[in-house]
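Notes follow the structure.
Counting starts at 1 for both ligands and their atoms, in listed order. For the numbers below, each heavy atom of this structure counts, side chains included, while hydrogens, waters and symmetry mates do not.
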Amino acid sequence: MPLLKILEFPDPRLRTVAKKVTVFDADLKIQVDNMFETMYHAPGVGLAATQVDYHERLIVIDVSVEKDQPIVLINPVIIARTGDQLMEEGCLSVPEIYAEVARAAKITVKAQNVDGTEFELEATELLSVCIQHEMDHLEGKLFVDYLSPLKRERVRKVLEKQRRQRKAKANKKLVEESA
Ligand code: NI
């Protein structure tokens with residue numbers, strides 16, 4: 001299965017608001033499988049469809065240490081939230097940047113699985129944060145949006161520098177290989 005390309009901030013496609021999934025077919029299962037593979041490979045604990053330029057309400061998550069507890073949330077809706085927590089977050093679309101974000105401590109989510117069956121899930125701690133973070137992606141929102149404009153601008157510059165360095169490294173490798 002192919003790895004999907006992960007869009008990076010400030011790519012405008014990350015601002016797309018995802019549409020509801022209405023067709024639960026084999027193509028959806030393939031998309032879910034590809035997203036899990038891409039997330040595990042990155043490696044990351046969560047991936048929203050928006051991040052791989054697929055604009056439907058679909059999230060994959062696995063916060064377990066052994067990477068053996070995959071969770072698929074399709075058309076997720078938070079139906080209850082209590083308490084507050086502050087946790088340092090990162091994002092595959094904002095590589096190597098981490099910042100604290102305030103989120104609800106405990107949430108109850110209603111979602112559908114890959115067959116379209118509805119279920120509810122209670123989440124706390126990392127899973128709760130991860131679900132809230134990934135659901136933001138479906139609204140075109142990134143965790144850096146919670147930072148001040150000044151900090152966000154700094155993040156954009158750091159990422160630009162990272163990309164230049166990656167490009168220079170790739171070019172150098174090409175030159176070395178052709179030499
Ligand atoms: Ni993210």
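For Asp136 and Arg103, the salt-bridge test passes: some basic side-chain N is under 4.0 Å from an acidic carboxylate O. A salt bridge is defined here as a Lys NZ or Arg NE, NH1 or NH2 lying under 4.0 Å from an Asp or Glu carboxylate O, and Arg156 with Glu153 meets this definition. For Glu8 and Arg166, the salt-bridge test passes: some basic side-chain N is under 4.0 Å from an acidic carboxylate O.
In terms of the side chain to side chain contact (heavy atoms under 4.5 Å, CB included) criterion, residue partners of Phe119 (sequence neighbours excluded) are, by chain and number, Leu73, Ala111, Asn113, Leu121.
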Would Arg57 and Glu139 satisfy salt bridge (charged side-chain N to carboxylate O under 4.0 Å, His left out), going step by step from the backbone distance to the final call? CA-CA 9 Å; Arg57 306 188 82 79; Glu139 300 302 327; 2.2 Å; yes
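The Ni ion (ligand 1) has Cys91 SG, His133 NE2, His137 NE2 as protein N, O or S atoms under 2.8 Å away.
Closest approach of His55 to Asp53, counting heavy atoms only: NE2-OD1, 2.8 Å.
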